[in-house]
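So that the names make sense, note that chain A is the first sequence line, chain B the second, and so on, each numbered from 1.
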Amino acid sequence: MRSGLRRAPLLSFALAMDAERRYDPAEIEPRWQRVWAEEGTWEVANDATDQRPASYVLEMLPYPSGEPHIGHLKVYSVGDAVAHFHRRTGRRVLHPMGYDAFGLPAENHAIATGVHPRDSTAAAIESFQKQFRRWGISIDWTREFGTHEPRVYRWTQWIFLELFKRGLAYQKQAAVNWDPVEETVLANEQVKDGRGERSGALVEVRQLTQWFFAITEYADRLLDDLVGIRWPEHVKTMQRNWIGRSEGAQVTFACDDLGTEYPVFTTRPDTLFGATFFVMAPEHPDVLRLAEGTGREQAVAEYVNRALIADKQLRGDADKPKTGVALGRTVTNPVNGEQLPMYVADYVLMEYGTGAIMAVPAHDERDFAFAHAYELPVRRVISDADPDGELPYTGDGPLVNCGPEFDGLPNREALGSIVSWLEGQGTGSASVNYRLRDWLISRQRYWGTPIPIIHCADCGLVPVPDADLPVLLPDVEDYKPKGRSPLAAAEDWVNVACPSCGAAAKRETDTMDTFVDSSWYFLRYCDANNDEAAWDPAAVAQWMPVDQYIGGVEHAILHLLYARFFTKALSDLGHLPAGVQEPFAALFTQGMILRDGDKMSKSKGNVVAPAPLVQRFGADTARCYILFIGPPDQDADWSDNGAEGMHRFLGRLWRLCAEAADELPAEAVPDTIGADDERLLRKSAWAIDKVSSDMGERFNFNTAIAAVMELVNELTPAKRGEAAPGSVRFALGTAASLLSPFAPHVSADAYHLLTGERVWEQPWPVADPALLQAEGFELVCQVNGKVRDRVSAPTGASRDELLALARATPKMRTYIDGHDVIKEIVVPDKLVNIVVRP
RNA sequence: GCGGGCGUGGUGGAAUUGGUAGACACGCCGGCUUUAGGUGCCGGUGGCGCAAGCCAUGGGGGUUCGAGUCCCUCCGCCCGCACCA
């Protein structure tokens with residue numbers, strides 16, 4: 001009240017005039033964006049002489065479709081905050097942007113409307129560019145590209161050929177996942193619960209010749225190198241599970257009738273003596289041959305046919321009763337010569353291991369269920385604590401029924417001995433199996449990078465010569481896939497001379513999975529305008545690996561695994577500095593923005609679009625609110641009111657700075673300070689410390705922003721008290737400075753009004769340690785662990801002093817007097833707890 | 001089934017190592033100023049109770065002087081994998 005009443009009439013008049021100078025993001029934001037664009041503020045050179053540490057901050061590149069949605073606003077708000085913070089803490093920061101521009105939605109749109117995917121993609125990219133600029137994201141736009149541009153996919157093709165030349169890209173016939181809606185094959189990673197990830201259609205298994213990348217060759221390295229990267233533990237776990245390494249043994253069972261041998265993979269060679277039957281997958285190529293001449297032919301053929309056409313998902317259900325039929329043959333158990341009856345059953349999968357298993361019903365639940373259903377013998381070979389305990393028993397114990405050589409050995413020890421024994425006999429060896437399979441990259445679709453291979457009747461698979469790259473995507477009339485790639489219809493394009501022998505030959509018509517494009521785009525940013533090479537290794541050496549990668553957890557397996565594989569393979573091929581083995585040194589996965597607890601989706605009609613939001617409140621408000629709503633790695637529920645609150649806060653900060661710039665003399669913090677000065681300076685130091693640690697050590701932007709709010713709350717004219725103008729200006733400047741990674745425009749404007757300086761050119765503030773050290777604190781006084789009183793006490797007071805203070809207060813006396821004190825606990829600078837006998 | 005995460009006011013959330021539960025904000029209530037109105041400013045706001053106080057972090061139990069935090073157990077929600085031999 002006092003300061004308000006003291007104001008002269010002239011000042012109120014000035015205030016009334018100021019009322020028109022309200023916080024106006026529509027004016028502020030474009031003005032600063034223009035400065036940054038004209039000066040190329042966020043551009044960074046590949047300058048090896050720059051002594052500042054390099055920092056590569058990258059958000060997952062967007063798939064350009066329609067308009068950016070709220071998830072884009074979140075990921076780029078998080079990434080931009082990191083980029084700004086890194087810059088202001090003395091690093092030179094690479095923060096680029098591009099577009100994952102090939103893909104099915106644009107192509108499906110083309111099928112529906114006839115609009116070329118190139119045109120719809122260009123339109124989407126334009127609207128993304130517009131929004132990103134409108135949001136004021138600090139991007140080095142000189143490095144921008146789309147993966148659909150020939151100058152980029154030329155190098156995607158080059159990488160393919162490099163992998164091809166080293167045998168890491170190859171063609172094979174295999175049982176593959178066919179999506180009947182998208183009419184293309186899919187990688188295993190793109191099939192969820194037996195359904196195509198995009199279309200939701202049940203996938204069919206087809207035998208087709210397709211292109212693969214040999215990611216399984218890198219299984220162990222992909223597994224081992226997870227320990228060295230700073231990724232969320234659950235993402236690492238998902239990758240480990242996906243790779244699915246298991247150690248065990250390969251054991252060979254011979255079928256003497258046919259003179260054939262069948263290896264099986266088992267993680268439990270210690271149970272080999274307990275094998276009582278043998279099972280093959282319905283897809284196993286020998287199944288029909290085995291049944292031949294046994295009288296079982298028809299039963300087997302019927303079972304196999306039924307299994308092959310059955311729903312893949314239903315078949316995979318572990319609760320489904322076990323079914324199968326006998327093959328009428330036996331195999332020999334190599335450890336004891338027993339003849340084991342052979343079965344075909346759909347609980348054995350062709351894709352894992354060898355497509356055949358030894359069945360040990362006593363110690364495996366699935367084998368037990370099968371044995372139970374078909375009344376097969378069950379033989380215990382591992383003793384339980386209770387020797388007659390229930391079977392199947394999957395725990396550990398000493399071996400029984402395994403012959404004099406192994407009986408009595410603890411099963412885990414016996415495991416090694418049995419494998420050695422098998423090795424000696426030539427019937428088995430230690431072996432490792434993976435769940436991971438090679439990455440199927442062919443797509444029978446139009447809008448992707450053409451595979452640069454020519455099929456020649458004489459020469460076979462011939463790589464397109466480097467001079468002929470890029471193989472440009474031809475224009476076609478009809479984008480609709482008809483069980484083959486739409487490219488096959490472009491006959492002028494398909495028919496070429498073999499580069500090797502000159503004879504008539506045909507181009508490969510499949511395109512690559514778009515995940516191939518996103519497996520190396522982060523390398524291209526390092527040297528985005530290089531026409532001579534995909535990148536200069538020296539440029540890559542300056543920036544890679546990405547210091548902070550940010551994106552959605554939905555890519556935990558697909559993109560993040562493929563990119564790791566590419567990085568290792570390209571490093572092995574000598575195209576990357578040897579030290580670059582991992583693409584992303586640190587990963588942050590942001591949560592989704594929900595609406596009323598639900599995912600936003602057009603069909604639910606609960607979508608919050610960023611554009612109207614930014615239009616209404618400004619980019620700073622939208623960005624800050626989205627960071628303030630909760631910890632960025634968690635899902636968060638959207639609230640319109642919350643955005644309004646953030647807008648009020650930014651307005652208050654801006655107004656306080658503008659008023660201070662007008663009304664308070666531009667003085668420094670005085671040498672001798674009063675209590676109110678000290679309070680503001682201490683609060684400033686506290687906020688600097690809090691924001692710095694929230695930014696640097698964790699990504700707690702919500703609490704960082706809350707700390708700035710607390711600081712600003714101390715700075716309203718009514719709360720400033722007698723603080724000197726210099727102190728107020730310092731504290732306001734600190735608030736603007738601390739907020740700049742989240743709200744770059746209003747911070748720049750407020751800071752400039754206050755100081756005439758550019759906030760983004762200022763080093764990150766450092767708290768004065770003397771001001772962080774409080775000189776007094778509120779001593780919490782407890783009796784039996786319950787708070788009974790609080791008194792002020794000097795920092796660093798001794799144990800006895802604190803006890804004396806606590807015991808002296810009247811309230812404490814009422815709880816202590818007349819009771820025996822059993823124990824006194826003192827936590828320095830915090831609390832005293834006096835334990836009394838009740 | 002296996003693995004991981006989560007559960008705190010009317011709401012979003014805070015509480016770095018066990019030490020004042022509910023920072024900051026939304027919403028709501030009251031007041032002031034100004035206005036045509038939004039805006040702005042000040043104060044209040046977990047529940048019960050007149051108060052002293054008691055109760056409160058999904059439920060139950062435990063360890064401890066002290067538990068949102070550690071342990072056991074149960075319930076609920078979310079995510080990933082799943083007949084992987």
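The listed nucleotides are B:A15, B:A25, B:C81; the one nearest the side chain of A:Asn700 is B:A15. Closest approach to the A:Val787 side chain among B:G66, B:G3, B:A21 is made by B:A21 (side chain taken as heavy atoms from C-beta onward). Nearest nucleotide to the side chain of A:Arg648, out of B:C42, B:G27, B:A85: B:G27. The listed nucleotides are B:C83, B:G19, B:C42; the one nearest the side chain of A:Tyr347 is B:C83. Side chain of A:Ala706, nearest nucleotide from B:A85, B:A23, B:G19: B:A23. Checked against B:U20, B:G27, B:G40, the side chain of A:Arg655 finds its nearest nucleotide in B:G40. In the set B:U20, B:C24, B:C26, the nucleotide with an atom closest to the side chain of A:Met709 is B:C24.
With P as the reference atom, B:G10 and B:G47 are 7 Å apart, rounded to whole Å. B:U8 and B:A21 have their C1' atoms separated by 8 Å, with the value rounded to a whole Å. Here, B:U11 and B:C75 have their C1' atoms 24 Å apart, quoted to the whole Å. For B:G46 and B:G9, the C1' atoms lie 4 Å apart once the distance is rounded to whole Å. Rounded to whole Å, the P atom of B:G4 lies 23 Å from the corresponding atom of B:A14. Between B:G44 and B:A25, the distance separating the two P atoms is 13 Å to the nearest Å. When the P atom is used for both B:G68 and B:G60, the distance is 13 Å, rounded to whole Å. The separation of B:U16 from B:C81, taken at their C1' atoms, amounts to 33 Å, rounded to a whole angstrom.
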Worksheet item: Dot-bracket for RNA chain B: what is it, with Watson-Crick or G-U pairs under 3.5 Å, [ ] where a pair crosses earlier ones, and | for a pair to another strand?
Response: (((((((..(((......[....)))((((((.......))))))(((....)))..(((((..]....))))))))))))....
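For the pair A:Arg698 and B:A15, the criterion of a side-chain N or O lying under 4.0 Å from OP1 or OP2 is met. The phosphate of B:G80 (OP1 or OP2) has no side-chain N or O of A:Arg435 nearer than 4.0 angstrom.
In this structure, the CH2 atom of A:Trp231 is 17 Å from the C1' atom of B:G4, given to the nearest Å. If you measure from atom CZ of A:Phe253 to atom P of B:A85, you get 16 Å, rounded to the nearest angstrom. At whole-Å resolution of the value, CG in A:Leu561 and C1' in B:C81 are 15 Å apart. A:Glu365 has its CD atom 18 Å from the P atom of B:A82, to the nearest Å. When rounded to the nearest whole Å, the span between CZ of A:Arg22 and P of B:G38 equals 12 Å. Atom CD1 of A:Ile825 and atom P of B:G18 are 16 Å apart (whole Å). A straight line from NZ of A:Lys811 to C1' of B:A52 spans 10 Å, rounded to a whole angstrom. Across the protein-nucleic acid pair, A:Tyr23 atom OH and B:G38 atom C1' stand 18 Å apart, rounded to whole Å.
In this structure, A:Gly645 reaches the sugar-phosphate backbone alone: every heavy-atom distance under 4.0 Å involves primed, P, OP1 or OP2 atoms, never a base. Residue contacts for A:Asn713: at a heavy-atom cut-off of 4.0 Å it reaches the sugar-phosphate backbone alone, with no base atom in range. Residue A:Arg788 is classed as a sugar-phosphate contact, given heavy-atom separations below 4.0 Å to backbone atoms only. No engagement by A:Asp364 is indicated, since no non-hydrogen atom pair under 4.0 Å with the nucleic acid exists. Base engagement by A:Val348 is indicated by at least one non-hydrogen atom pair under 4.0 Å involving a base atom. Within the 4.0 angstrom heavy-atom criterion, base atoms lie near A:Gln782. Counting any heavy atom pair closer than 4.0 Å across all strands shown, A:Lys786 reaches sugar-phosphate atoms only and no base atom.
Taking for each of A:Arg790 and A:Ala707 the nucleotide of RNA chain B with the nearest heavy atom, the 5'-most of the two is the partner of A:Arg790. Take the nearest nucleotide of RNA chain B for A:Met358 and for A:Tyr815: the residue whose nucleotide is more 5' is A:Tyr815.
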Fill in: Candidate pair A:Asp676 and A:Arg679, rule salt bridge (Lys or Arg N to Asp or Glu O under 4.0 Å), full reasoning
CA-CA 5 Å; A:Asp676 288 326; A:Arg679 207 186 69 247; 2.7 Å; yes
Worksheet entry | Evaluation steps, side chain to side chain donor-acceptor pair (under 3.5 Å), between A:Asp694 and A:Asn700 | CA-CA 5 Å; A:Asp694 282 350; A:Asn700 290 3; 4.6 Å; no
Practice prompt. For the pair A:Glu644 and A:Arg616, evaluate salt bridge (Lys or Arg N to Asp or Glu O under 4.0 Å) and give the outcome as yes or no after the intermediate values.
Written response: CA-CA 10 Å; A:Glu644 279 174 39; A:Arg616 182 166 164 213; 3.1 Å; yes
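Ring geometry, A:Phe617 versus A:His647: the interplanar angle falls from 30° to 60°, so the pair is classed tilted. The aromatic rings of A:Phe370 and A:Tyr343 stand perpendicular to each other, their planes meeting at an angle above 60°, with 30° marking the opposite boundary. Taking the six-membered ring where tryptophan is involved, the planes of A:Phe278 and A:Phe253 are tilted, since the angle between them lies from 30° to 60°.
Taking 4.0 Å as the cut-off between side-chain N and carboxylate O, A:Glu233 and A:Arg240 count as a salt-bridged pair. With salt bridges taken as basic N to acidic carboxylate O contacts below 4.0 Å, none links A:Arg435 and A:Glu351.
Taking the six-membered ring wherever Trp is involved, the centroid distance between the rings of A:Trp242 and A:Tyr434 does not fall below 6.0 Å.
In B:G9 the O4'-C1'-N dihedral to the base is within 90° of 0, which defines a syn nucleotide.
Between the side chains of A:Thr809 and A:Asp789, at least one donor N or O lies within less than 3.5 Å of an accepting N or O. Judged by distance alone, the side chains of A:Asn433 and A:Ser246 never bring a donor and an acceptor atom under 3.5 Å apart. No side-chain N or O of A:Thr323 forms a donor-acceptor pair with one of A:Tyr347 less than 3.5 Å apart.
On a pure distance criterion of 3.5 Å, no polar donor-acceptor pair joins the side chain of A:Asn241 and the base of B:C81.
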Close N or O pairs between protein and nucleotides 11-13 of chain B (under 3.5 Å):
unit_1 : atom_1 : unit_2   : atom_2 : d
B:G12  : O2'    : A:Ile629 : O      : 2.6

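Judged purely by atom type and a 3.5 angstrom limit, A:Lys236 uses its side chain to pair as donor or acceptor with the backbone of A:Ile229.
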